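Worth saying up front: this structure is predicted, and the values here are computed from it rather than measured.
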Amino acid sequence: MILGGGDRVSWRLASISRQYSTVALAAIDADPIAILPIANGKPMDVSRMYDVLVLGGGNAALCAAITARRAGRSVLLLECAPRHFRGGNSRHTRNLRCMHDSPADVLTDAYREEEYWHDLLQVTGGETNEQLARITIRHTATCRDWMLGNGVRFQPSLGGTLHLSRTNAFFLGGGKALLNAYYRAAEALGVEITYDTAVTNLNIKDGRFTSAIAVRDGVEHEIRAKTVVAAAGGFESNLAWLKEAWGPAADNFLVRGTPYNMGRVLRILLDNGAKSIGDPAQGHCVAIDARSPKFDGGICTRVDCVSLGIVVNENALRFYDEGEDFWPKRYAIWGRLLAEQPNQIGFAIIDAKAMGKFIPPMFPAVKAGSIRELAVALKLDAAALEATLARFNAAVRPGNFDHSVLDDCRTEGLSPPKTHWARAIETPPFFAYPLRPGITFTYLGVAVDERARMILQDDRPAHNIFAAGEIMAGNVLGKGYIAGIGMAIGTAFWSHRRRGGRAPCRRLKRFPWS
């Protein structure tokens with residue numbers, strides 16, 4: 001069974017569970033069809049024992065559902081979002097980081113296992129399970145065949161996506177197209193899918209799952225299955241839980257991802273003896289435009305000009321090296337950096353030389369003819385901003401600017417330094433983007449073994465409970481992020497059958513439906 005991630009705030013699920021029992025029984029007596037969950041457009045038989053229940057409707061959930069169904073198992077997928085919001089954070093993705101030993105499909109050159117592993121090790125600071133990380137990495141070399149067989153199409157890397165043509169395979173049409181392809185494949189195979197269905201409890205005893213309690217249209221249903229796959233995401237949309245982890249700073253966070261990842265399934269599993277993994281204050285948190293919506297802004301709200309200029313806080317002071325490394329390896333640290341600044345706000349500042357060298361975000365830049373004018377528009381202290389720019393420009397040393405490599409354009413005698421791509425910001429007009437922390441998903445999750453079985457607090461694997469995607473990503477991502485690794489984690493453990501039905505990895509034959 002696959003559990004959906006999050007649900008509508010307006011449902012007020014905390015008060016639903018028992019108050020509807022009498023109403024539900026009356027409704028059943030009156031018209032059973034009217035209150036049954038709808039799966040694939042038809043009333044669902046809730047008395048049925050499914051082989052596999054999947055909780056969630058994103059990439060990892062669909063990979064698990066399709067694989068199980070292709071193995072001949074009956075599968076029900078529960079997505080708590082409405083149909084038009086289905087897919088969790090996968091809706092906002094656009095690529096998958098792939099290992100390959102030579103040019104392959106849309107990927108150029110080579111990106112071998114050890115380099116991939118080193119890149120992951122670098123961004124996580126060693127906070128990763130090497131066994132699970134290497135399973136993920138190795139499977140990215142073969143999963144594209146499986147994806148193609150289920151309708152996904154790829155394209156060369158987009159213009160302006162710096163340094164990714166070698167490492168990342170881009171989905172034609174983005175994450176929404178990928179999801180639509182998987183949903184079409186799942187429905188054609190006979191996977192039953194129900195939307196607007198939120199899981200409120202799981203019946204688990206001594207590591208064995210027996211049934212799930214789900215609510216649709218205010219009515220509870222008990223759904224039984226032999227195996228459950230929890231793929232319901234993290235808790236990034238649960239603002240109260242975020243505040244527990246981050247304190248008052250969380251009030252200024254924007255949730256870049258889906259509004260439906262409330263962490264309910266995660267909380268149920270932890271309360272039922274799952275061993276937790278990861279820090280609740282760690283997650284995929286990037287710098288996004290401060291004018292973005294509170295929820296669901298997606299990838300188009302990200303601001304990618306940081307490495308081409310400087311970033312200051314509301315005191316008009318720099319606080320980190322903007323040119324530390326390639327942007328795909330560093331963009332996900334900037335949300336946390338902003339979260340540590342006064343009032344969780346920052347401003348990326350560039351001049352005319354930088355325009356056209358990055359993918360423009362959704363909102364237009366603030367434009368001014370002088371730094372003083374720009375400061376006024378941003379409501380910053382003009383003298384302080386001018387002083388910061390003067391110090392930066394004076395520290396820039398001549399070099400050969402090349403944004404495609406770690407060039408020799410740097411500052412000297414400045415703290416913090418700018419290690420690469422440092423050029424004086426002196427060519428008008430000047431531009432700025434206001435920045436806030438944009439959280440995509442959280443890393444607190446459940447521990448799993450190499451078969452993706454959930455681990456219990458006494459370190460035993462659960463009998464029939466598996467986890468997929470963001471809800472177990474903390475096993476690989478203790479902290480930090482590298483572009484495309486999230487989709488790799490969500491895909492690697494589940495899309496394990498190539499076209500033609502051959503399993504690429506014998507260890508994965510031990511899944512219950514293999």
Side-chain angles (χ1 to χ4, degrees), residues 1-7 11 13-25 27-28 32-33 35-40 42-57 60-61 64-65 68-69 73-80 190-233 262-274 446 448 452-457 460-468 471-472 511-513:
M1 172 176 194
I2 298 171
L3 300 181
D7 69 35
W11 284 3
L13 286 172
S15 64
I16 281 177
S17 59
R18 292 291 168 248
Q19 73 184 42
Y20 283 100
S21 56
T22 303
V23 176
L25 289 172
I28 291 170
I33 296 300
I35 55 83
L36 285 175
I38 302 298
N40 300 6
K42 298 179 291 186
M44 189 179 75
D45 182 4
V46 293
S47 66
R48 180 179 181 181
M49 169 70 80
Y50 288 90
D51 291 323
V52 182
L53 177 63
V54 179
L55 310 177
R69 186 65 191 133
R73 305 305 192 260
S74 60
V75 183
L76 172 64
L77 183 147
L78 304 185
E79 165 64 287
C80 89
V191 173
E192 294 186 32
I193 300 166
T194 180
Y195 301 103
D196 294 297
T197 305
V199 172
T200 57
N201 201 9
L202 299 174
N203 292 315
I204 299 171
K205 185 175 181 181
D206 193 30
R208 181 183 290 272
F209 164 84
T210 55
S211 65
I213 306 301
V215 174
R216 190 178 192 276
D217 294 332
V219 180
E220 277 190 352
H221 305 278
E222 183 174 10
I223 302 171
R224 298 177 302 137
K226 297 174 184 176
T227 298
V228 64
V229 181
M262 298 292 288
R264 188 174 51 256
V265 171
L266 173 59
R267 174 52 64 196
I268 291 168
L269 292 175
L270 294 176
D271 289 346
N272 277 276
V446 297
V448 299
R453 294 181 299 181
M454 187 183 81
I455 302 299
L456 303 173
Q457 289 174 1
R460 289 182 299 124
H463 178 76
N464 60 347
I465 305 171
F466 294 79
I471 204 168
M472 52 72 69
F511 282 107
W513 51 83

Is a side-chain N or O of Arg224 found less than 3.5 angstrom from the main chain of Ser47, in a donor-acceptor match?
-> yes
Check: Val219 and His221 side chains under 4.5 Å, non-hydrogen atoms | yes
If you round to the nearest 0.5 Å, how far is CD1 of Ile223 from OG1 of Thr197?
-> 7.0 Å
N/O donor-acceptor pair under 3.5 Å between Ser74 side chain and Asp51 backbone | yes
Is there a side-chain contact between Leu269 and Ile204, using heavy atoms and a 4.5 Å cut-off?
-> yes
So do Val446 and Leu270 actually touch side chain to side chain, heavy atoms under 4.5 Å?
-> yes
Any Ile465 side-chain heavy atom under 4.5 Å of Asn272 side chain = no
Any donor and acceptor pair, going by atom type alone, linking the side chain of Arg216 with main-chain N or O of Glu220 inside 3.5 Å?
-> no
Please list, chain by chain and in numerical order, all residues satisfying side chain to side chain donor-acceptor pair (under 3.5 Å) with Arg267, sequence neighbours excluded.
-> none
Thr210 side-chain N/O to Asn203 backbone N/O, donor-acceptor pair under 3.5 Å = yes
Is the closest side-chain heavy-atom distance between Arg69 and Leu77 below 4.5 Å?
-> no
Distance, nearest 0.5 Å, that separates OG1 of Thr227 from CZ of Arg208 | 9.5 Å
Would a distance-only check, ignoring hydrogens and angles, find a side-chain to backbone donor-acceptor pair under 3.5 Å from Asn464 to Lys226?
-> yes
